[in-house]
Amino acid sequence: MAYDGRILRRAVQKFEEDRRAREQQFQTRREAIFRRQPRLREIESELSGTASRIIAAAMRRGTDPLPAVEVLRDENLGLQAEKRRLLTQMGYPEDALEEAPVCPLCGDTGYRNGGVCRCLKKYYAREQQKELSRMLDLGSQSFDTFSEEYYSGKDLLTVRRNASVLRSFAENFSKDTTDNFLLIGPTGLGKTHLSTSVAVVVIERGFDVLYRTAQEIMSVFEKQRFG
């Protein structure tokens with residue numbers, strides 16, 4: 001999937017803002033717990049120093065590091081058990097002092113396997129919807145809000161067929177889709193509403209949507225042909 005760089009930058013900015021807000025909330029919660037039980041702060045400090053103490057023990061020349069490492073391991077396990085007990089007594093879950101990522105796939109980095117993670121894709125879709133909302137009524141125009149009550153006779157059959165075909169097109173859209181559609185007809189047959197509905201579904205499924213007026217498209221063709 002190709003991304004609009006301008007929209008992606010806004011999505012990344014919002015993604016990072018939310019991530020920093022969560023980190024701040026987590027740190028605030030940790031401090032509140034430490035104020036209630038200062039011993040937990042001491043335990044966290046001791047646990048954070050375990051790795052360096054193990055390395056120091058392993059690097060002492062002329063000594064067998066295994067006994068020292070085993071002692072440190074037992075101390076570590078004891079501290080972890082004490083931490084869990086204190087948190088439980090305070091009514092917190094055992095992992096209350098551990099920050100878990102919202103997205104387990106990318107660890108809240110936004111990227112996975114050399115590409116954009118699905119969590120960041122959701123931010124991109126929202127920013128894309130905002131972009132299109134400046135030109136289209138994405139808030140109220142969708143397949144679910146499309147009503148047939150304004151039509152009758154031949155017009156009713158036309159809009160009903162169009163709605164069914166376009167919903168199927170949008171819900172089955174993929175990078176391999178080669179079909180196209182062209183809506184023509186007089187005012188009032190739901191062309192804008194239905195094309196907007198397609199855009200809403202396709203964006204939600206993770207694809208880009210580009211909206212241009214006929215005049216803008218013709219201008220691009222003209223520049224391409226004669227420029």
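What you see is a predicted model; the values in this text were computed from it and never measured.
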Item to check | Smallest separation among heavy atoms of V102 and P104, with atom names | outcome: O-CD, 3.4 Å
Item to check | Heavy-atom pair with the smallest gap, counting every atom of Y123 and D18 | outcome: OH-OD2, 2.7 Å
Between [X] and [Y] (side chain of the first, backbone of the second, donor and acceptor by atom type, cut-off under 3.5 Å), is there such a pair?
X: Y151; Y: G188; result: yes
X: T177; Y: F173; result: no
X: T196; Y: T192; result: yes
X: S168; Y: V165; result: no
X: K191; Y: P186; result: yes
X: S164; Y: R161; result: no
X: T158; Y: K154; result: yes

Any salt bridge linking [X] with [Y]? Criterion: basic side-chain nitrogen under 4.0 Å from a carboxylate oxygen.
X: R225; Y: E222; answer: no
X: K14; Y: E127; answer: no
X: K121; Y: E204; answer: no

Could you give the distance from [atom1] ([X]) to [atom2] ([Y]), rounded to the nearest 0.5 Å?
X: R22; Y: Q25; atom1: CZ; atom2: CD; result: 8.5 Å
X: E16; Y: D108; atom1: CD; atom2: CG; result: 9.5 Å
X: C119; Y: F15; atom1: SG; atom2: CZ; result: 4.0 Å
X: F26; Y: L97; atom1: CZ; atom2: CG; result: 6.5 Å
X: R36; Y: L86; atom1: CZ; atom2: CG; result: 11.0 Å
X: L194; Y: F146; atom1: CG; atom2: CZ; result: 4.0 Å

Got a sec: does the [atom1] of [X] have more than 12 other heavy atoms crowding it under 6.0 Å?
X: Q89; atom1: CD; result: yes
X: R118; atom1: CZ; result: no
X: E17; atom1: CD; result: yes

Next on the checklist: Set out, in order, the CA-CA distance, both residues' side-chain angles and the distance that settles side-chain contact (heavy atoms from CB on, under 4.5 Å) for I33 and L87, then state yes or no.
Outcome noted: CA-CA 9 Å; I33 293 174; L87 288 170; 4.0 Å; yes
Checklist entry - Hey, does E94 have a side-chain heavy atom less than 4.5 Å from the side chain of K83? => result no
Item to check | Pairwise side-chain contact, N76 with Q80, heavy-atom cut-off 4.5 Å (strictly under) | outcome: yes
Check for me, please, whether [X] and [Y] land in the same ILVMFWY cluster - side-chain distances under 4.5 Å, paths through other members count.
X: F181; Y: L157; result: no
X: V198; Y: L183; result: yes
X: V12; Y: L105; result: no

Next on the checklist: As a quick check of understanding, evaluate side-chain contact (heavy atoms from CB on, under 4.5 Å) for L40 and M90, giving each step before the final call.
Outcome noted: CA-CA 11 Å; L40 285 169; M90 297 169 67; 3.8 Å; yes
Next on the checklist: When you measure from the centre of the six-membered ring of F207, is the NZ or CZ of R205 closer than 6.0 Å and no more than 45° off the axis?
Outcome noted: no
Checklist entry - Should S197 and F143 be marked as a side-chain contact (heavy atoms from CB on, under 4.5 Å) after you check the CA-CA gap, both sets of side-chain angles, and the distance that decides it? => result CA-CA 5 Å; S197 301; F143 287 116; 3.7 Å; yes
Next on the checklist: Walk me through whether Y124 and V116 qualify under side-chain contact (heavy atoms from CB on, under 4.5 Å).
Outcome noted: CA-CA 10 Å; Y124 182 87; V116 177; over 6 Å; no
Item to check | salt bridge (charged side-chain N to carboxylate O under 4.0 Å, His left out) assessment of E70 paired with R73 | outcome: CA-CA 5 Å; E70 290 179 345; R73 180 200 61 191; 5.2 Å; no
Next on the checklist: Out of the candidates E98, E44, E99, E23, only one should pair with R30 under the salt bridge (Lys or Arg N to Asp or Glu O under 4.0 Å) rule; please name it.
Outcome noted: E44
Checklist entry - So, D155 versus Y150: side-chain donor-acceptor pair below 3.5 Å or not? => result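 No, Y150 and D155 have no side-chain donor paired with an acceptor closer than 3.5 Å.
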